[in-house]
Amino acid sequence: MVVNVLQVAEKPALAKSLAAILSNGSCSYGNTRTAGLPLLEYDGVFKGQKAHFKFTSVRGHVMEVQFPAKYNNWDRTDPGDLFTVDVEMQEADSSKNVVHALRSEAKGCDFLVLWLDCDPEGENICFEVIDAVRPAMNHRPGQQIFRAKFSAITAKDIKHAMQHLGEPDKNVSLSVDARRELDLRMGVAFTRFQSRFFQGKYGDLDSQVLSFGPCQTPTLALCVQRHDLIQTFQPETYWTLDVRALINDSPVKLQWDRVRVFDKTVASLFLHRIQDVRAAKVLRVQSKEKAKPRPTALNTVELLRICSAGLGIGPQQAMVVAERLYIQGYISYPRTETTAYPANFDTAAVLHELKGSPDWGKEARVLLDGALVKPKGGVDKGDHPPITPARLATDNELSGDMWRVYDLVCRHYIATLSPDCRYSVTNVSLAVGSEMFSLSGQRLISPGFTSVLYWMSPESSTVVPDMQEGQECIIKNVSISEKQTAPPGYLTESDLISLMEKHGIGTDASIPKHINTICERNYVTVQGGRTLVPTNLGVVVVHGYQRIDHDLCLPTMRAAVEKQFSLIACGQAEYEDVLFYFIDTYKRKFKFFEQNIQLMDELFEVNFTLLSKTGKNLCRCGKCNRYLKLIIAKPQRLYCPTCDDTYSLPQRGKIMLYKELKCPLDGFELVMCSTGSNGKAFPLCPYCYNNPPFESMPKGSGCNACVNALCKHSAINLGVAPCVSCDGGILVMDPVSKPKWRLACNQCNTIVTLIENAHDIRVTKNVCECGASQLSVDFHKDKSPLKSGETKYEGCIFCDELLSSLVSLKHGSTTHPMHRRGRRKGGRGRGRGRGRGRGRRKPKDKMAQLDQFFI
DNA sequence: GCAAGGTC
């Protein structure tokens with residue numbers, strides 16, 4: 001009997017390499033029927049039985065923890081409740097159909113072997129895969145699910161792992177579950193609360209969302225900490241003693257051994273002591289040989305640092321470029337923490353690949369000719385090998401940042417196998433009277449790896465002239481100069497990456513995202529030299545946390561939480577206990593934050609402008625008939641200073657007044673939203689956009705949704721009619737309900753369902769005998785123009801049953817013969833409130849009011 | 001619209 005074995009890797013590329021290794025290159029290549037995942041198949045032996053193997057992969061996490069949809073509404077959910085409401089696992093956005101694909105491949109399988117990355121996230125994905133797959137697998141006694149543990153993608157390691165399969169570790173996975181749930185609850189709760197609080201009060205924050213997160217906030221705090229250091233820096237005046245001497249006929253400035261003094265009188269005293277000295281005497285000349293060590297192999301974080309500091313490419317962009325180089329086969333997998341080459345890594349093979357390059361081929365050839373050095377130790381984190389070139393490219397094939405990053409990876413690779421750079425440092429001590437001075441300089445002995453990483457070459461312009469002990473040099477000039485201490489510079493991206501790594505904030509893959517997030521949220525800006533300068537908003541937010549609860553922005557917060565969660569991973573603590581403890585802690589912190597928000601608000605007050613003092617009058621409010629103000633800073637919105645209400649607007653597009661027309665439903669003046677020069681323009685009602693009058697309309701989703709459509713198609717083009725059931729209501733066409741046209745009342749919820757499959761329906765000015773409005777109905781199912789002999793029909797909105805039958809009428813009839821008072825007995829039974837008994841209203845008066853909206 | 005973490 002042949003058993004079926006399903007194997008799953010964390011990413012498609014890995015499934016392919018693992019299957020190739022395990023099948024000794026004999027696997028067939030294909031794809032799963034859905035989700036576009038790889039599917040590799042081969043035959044072999046599993047646990048002593050003949051087996052058919054299938055190898056596929058996921059794409060990172062399959063599931064994500066989320067709040068149920070009912071909590072997605074920011075207005076209807078109290079952020080504080082987010083600490084206690086249930087959460088659920090949902091299929092992750094990026095992995096649509098993955099669950100389905102896995103399940104169909106698992107059908108008929110007897111065993112599952114999990115080849116997910118050997119880190120906590122990988123362990124967690126193991127269980128996501130198990131949950132997806134188990135229901136579809138064959139049931140049989142004994143262990144069916146196995147975990148492969150491997151530290152390098154080499155034939156030896158992989159085959160060893162296959163021979164020594166273990167079990168997935170539930171505790172490790174639970175520690176990740178706990179972290180994911182806590183991050184979600186606290187991040188979303190704080191973000192929603194502070195966004196709503198401050199955006200509801202100030203008009204110039206210029207940020208869509210005031211976000212908070214356990215990684216992004218400490219990252220921001222690091223930038224603000226440096227900012228504070230710079231702001232509070234008190235420059236101090238100091239004095240130095242400057243001596244210029246002639247050494248071998250060239251003028252040289254000597255360095256004072258005391259460096260500087262902070263008292264002018266003392267400085268003058270020293271000057272006085274030596275100002276008559278005519279010669280400096282060389283007391284000692286010392287030369288030492290030093291080595292600048294070759295770099296260790298490249299990992300992600302180091303790549304990002306060099307890209308930012310050396311190439312001026314930001315971390316997010318650098319990752320995008322590296323990813324592209326990887327997909328195109330130019331470099332190895334770019335997300336790794338490891339800085340040690342695997343034991344069996346064929347260093348020479350890569351050099352052979354590179355030796356033809358006009359840029360660094362020469363250096364590669366020198367190494368192949370015998371100068372090859374053992375790479376430095378580095379750290380093996382057991383994830384992926386370091387980032388190395390995979391094949392040779394010329395700068396014709398790659399351009400711009402692609403070439404620059406590729407060039408860096410190649411040069412760095414060659415450097416790791418090159419000798420250290422050797423140079424000598426010479427220090428000369430000189431006496432000028434009783435004061436000691438010195439000169440120091442460097443001289444290159446052999447460049448080693450710096451011939452390829454030329455920017456790391458030791459400064460060679462500081463070569464000291466040849467001097468002998470006892471030699472005397474003529475002093476040309478002695479003076480003191482006054483200087484001031486200077487503050488440190490702002491953090492560079494490269495500095496920040498190092499600090500985040502040091503504090504355990506984020507991972508190699510997420511560090512660029514966090515930096516990007518704080519930029520997107522208008523908390524910091526990237527300035528010259530890729531320095532990160534906090535904005536007013538960033539500073540005020542962090543200072544606010546410091547006033548209310550300093551913990552919230554401590555750089556150590558992340559590591560402290562992770563440390564506790566790791567106790568779950570190693571079985572020393574219960575998942576429920578630790579998770580509950582943290583949720584409870586942050587819930588209390590949240591309450592405290594909420595109660596003391598005025599401490600942060602005091603800082604906002606002096607830095608930002610109240611909504612009532614920002615913006616320009618635009619259109620009239622339907623409630624108070626005063627002007628709403630258009631707030632232009634992000635998020636673009638309307639604000640009524642009288643009612644103190646805020647109305648969201650589409651974020652893309654310019655908002656203008658629209659013909660001073662009012663929405664028939666609520667009396668708000670319509671505005672026009674135009675997107676770009678050749679983009680669309682559409683009118684919308686500020687109130688309806690935020691409070692959709694039809695339950696089928698999603699709130700403000702996209703620029704053509706709900707009320708935009710309502711105002712555009714219904715209120716203006718299609719017309720409105722007095723309600724047939726209540727006195728004050730107005731019936732409005734529901735634009736989303738096509739082809740099942742209907743009208744709905746804005747007051748009594750009456751729904752009048754009209755005829756189906758009409759091409760167009762409009763409310764006309766005509767009034768039926770019954771007193772209700774008439775409709776003009778165009779019965780094309782397609783959009784073709786009316787043919788001769790065809791015509792529009794007219795009917796009454798009351799007589800919907802009758803209207804339905806219009807479909808079967810002969811062409812040419814404009815009014816339904818049944819459309820007579822006497823025939824309506826017992827009719828119109830559907831729907832509620834089609835109240836006949838309320839007696840006739842005076843539609844004409846109301847119609848007059850509505851005149852401006854009719855076609 | 002919100003977090004952080006995988007991956008594309």
Side-chain angles (χ1 to χ4, degrees), chain A residues 9-15 35-38 57-67 71-75 77 79 82-83 87 91-96 98 116-117 119-126 128-129 173 175-196 199 207-219 319-320 322-328 333-335 383-384 500 504-514 516-518 520-521 557-558 561-562 565 586 634-637 648-652 690 698-702:
Chain A
E10 191 158 321
K11 42 195 159 278
L14 209 51
L37 295 166
S57 86
V58 291
R59 276 185 291 257
H61 277 289
V62 183
M63 309 297 289
E64 62 183 11
V65 61
Q66 274 304 342
F67 294 112
Y71 301 115
N72 286 350
N73 188 306
W74 289 36
D75 300 316
T77 308
L82 296 175
F83 287 95
V87 289
E91 205 164 339
D93 236 21
S94 57
S95 66
K96 280 286 173 258
V98 171
L116 291 126
D117 289 359
D119 52 26
E121 296 298 328
E123 215 61 31
N124 189 261
I125 303 174
C126 279
E128 295 176 356
V129 171
S173 172
S175 75
V176 174
D177 280 338
R179 195 217 66 231
R180 295 216 278 175
E181 188 177 327
L182 180 69
D183 285 352
L184 175 76
R185 290 185 189 277
M186 65 193 273
V188 175
F190 276 91
T191 299
R192 286 192 192 175
F193 170 68
Q194 62 187 25
S195 296
R196 286 178 56 85
Q199 281 176 350
S207 178
Q208 185 75 26
V209 172
L210 270 73
S211 61
F212 170 90
C215 288
Q216 57 172 276
T217 302
T219 303
M319 273 324 282
V320 169
E323 185 76 34
R324 211 177 289 165
L325 287 168
Y326 161 66
I327 290 168
Q328 294 178 17
Y333 190 67
R335 281 189 287 267
D383 47 358
H384 298 273
M500 291 173 75
I505 302 170
T507 66
D508 50 1
S510 68
I511 283 176
K513 286 188 195 171
H514 300 314
N516 198 49
T517 302
I518 58 174
E520 272 184 350
R521 299 288 146 75
M557 164 173 77
R558 186 62 173 173
V561 173
E562 297 244 29
F565 284 144
Y586 278 95
K634 277 192 227 166
Q636 176 170 264
R637 65 211 125 134
S648 305
L649 288 171
Q651 288 307 300
R652 284 183 207 156
N690 290 274
K699 182 179 165 184
S701 63

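Throughout, protein chains are lettered first and strands after them, A, B, ... in sequence-line order, and every chain is numbered starting at 1. Just so it is clear, the values below take in all heavy atoms, side chains as well, and ignore hydrogens, waters and symmetry mates. Keep in mind the model is a prediction, meaning the values are calculated, not measured.
Within the nucleic acid shown, A/R521 comes within 4.0 Å of sugar-phosphate atoms alone, with no base atom in reach, counting heavy atoms only. Contacts of A/P79 with the nucleic acid, taken as non-hydrogen atoms under 4.0 Å apart, are absent. Within 4.0 Å of A/R196, counting heavy atoms only, lies no atom of the nucleic acid at all. A/P635 comes within contact range of no nucleotide atom at all, as no heavy-atom separation falls under 4.0 Å. Counting non-hydrogen atoms under 4.0 angstrom, A/D117 reaches the backbone sugars and phosphates but no base. A/Q199 comes within contact range of at least one nucleobase, with a heavy-atom separation under 4.0 Å. Among the atoms of the strands shown, only primed sugar atoms or phosphate atoms (P, OP1, OP2) are found under 4.0 Å from some heavy atom of A/G506. Here A/L184 lies in heavy-atom contact (under 4.0 Å) with a base. Among the protein residues, A/Q216 comes within range of the sugar-phosphate backbone only, with heavy atoms under 4.0 Å from sugar or phosphate atoms but none that close to a base. When heavy atoms are screened at a 4.0 angstrom cut-off, A/Q66 is found touching base atoms of the nucleic acid.
Checking B/dG6, B/dC8, B/dA4 against the side-chain heavy atoms of A/R59 singles out B/dC8 as nearest. Candidate nucleotides B/dG5, B/dA3, B/dT7 were compared by shortest atom distance to the side chain of A/V65, and B/dA3 ranks first. Residue A/D183 places its side chain closer to B/dA3 than to any other of B/dA3, B/dC8, B/dG1. If you check B/dG1, B/dT7, B/dG5 against the side chain of A/E562, the one that comes closest is B/dG5. For A/K513, taking side-chain heavy atoms from C-beta onward, the closest of the listed nucleotides B/dC8, B/dT7, B/dC2 is B/dT7. Closest to the side chain of A/I327, out of B/dG6, B/dG5, B/dC8, is B/dC8. When the nucleotides B/dA4, B/dA3, B/dT7 are ranked by their closest atom to the side chain of A/Y333, B/dT7 comes out on top. With B/dG6, B/dC2, B/dA4 as the candidates, the nucleotide lying closest to the side chain of A/T191 is B/dC2.
When the P atom of B/dG1 is taken as reference, atom CZ of A/R652 falls 11 Å away, rounded to whole Å. Protein atom CH2 of A/W74 is 12 Å distant from nucleotide atom C1' of B/dA3, rounded to whole Å. Rounded to an integer number of Å, the gap from A/E520 CD to B/dA3 P is 10 Å. One interatomic measurement links the two molecules: CZ of A/R180 to C1' of B/dC2, which rounds to 17 Å at whole-angstrom precision. Between A/Q194 atom CD and B/dA3 atom C1' the separation is 12 Å, expressed in whole Å. The distance from atom CD of A/E91 to atom C1' of B/dT7 is 15 Å, rounded to the nearest whole Å. Distance NE2 (A/H61) to C1' (B/dC8): 15 Å, rounded to an integer number of Å. What separates CD of A/Q636 from P of B/dG1 is a distance of 15 Å, to the nearest Å.
Every residue two or more places apart in sequence or in another chain that forms a side chain to side chain contact (heavy atoms under 4.5 Å, CB included) with A/K513 is listed here: A/Q316. Checked against side-chain hydrogen bond (donor to acceptor under 3.5 Å, both in side chains), A/E520 has no partners two or more places apart in sequence or in another chain.
Of the residues listed (A/E121, A/E91, A/E10), the one engaging A/H61 in a side chain to side chain donor-acceptor pair (under 3.5 Å) is A/E121, and it is the only one. With A/R521 as the fixed residue, the side chain to side chain donor-acceptor pair (under 3.5 Å) test singles out one of A/S207, A/S195, A/S211: A/S211.
Here A/F212 does not lie in a stacked arrangement on the base of B/dA3, lacking the combination of planes under 30° and ring centres under 5.5 Å apart.
Residues A/R335 and A/V209 both approach DNA chain B. Their nearest nucleotides, taken by heavy-atom distance, put A/V209 toward the 5′ side. Ranked by how close their nearest DNA chain B nucleotide is to the 5' end, A/V188 and A/H514 are led by A/V188.
OP1 and OP2 of B/dG1 both lie 4.0 Å or more from every side-chain N or O belonging to A/S211.
In this structure, A/Q208 and A/P635 have side chains that are in contact, with non-hydrogen atoms separated by less than 4.5 Å.
For the atom pair A/R558 CZ and A/T217 OG1, the distance stands at 11.0 Å (nearest 0.5 Å).
Within the 3.5 Å criterion, the main-chain N or O of A/M63 finds a donor-acceptor partner in the side chain of A/E128.
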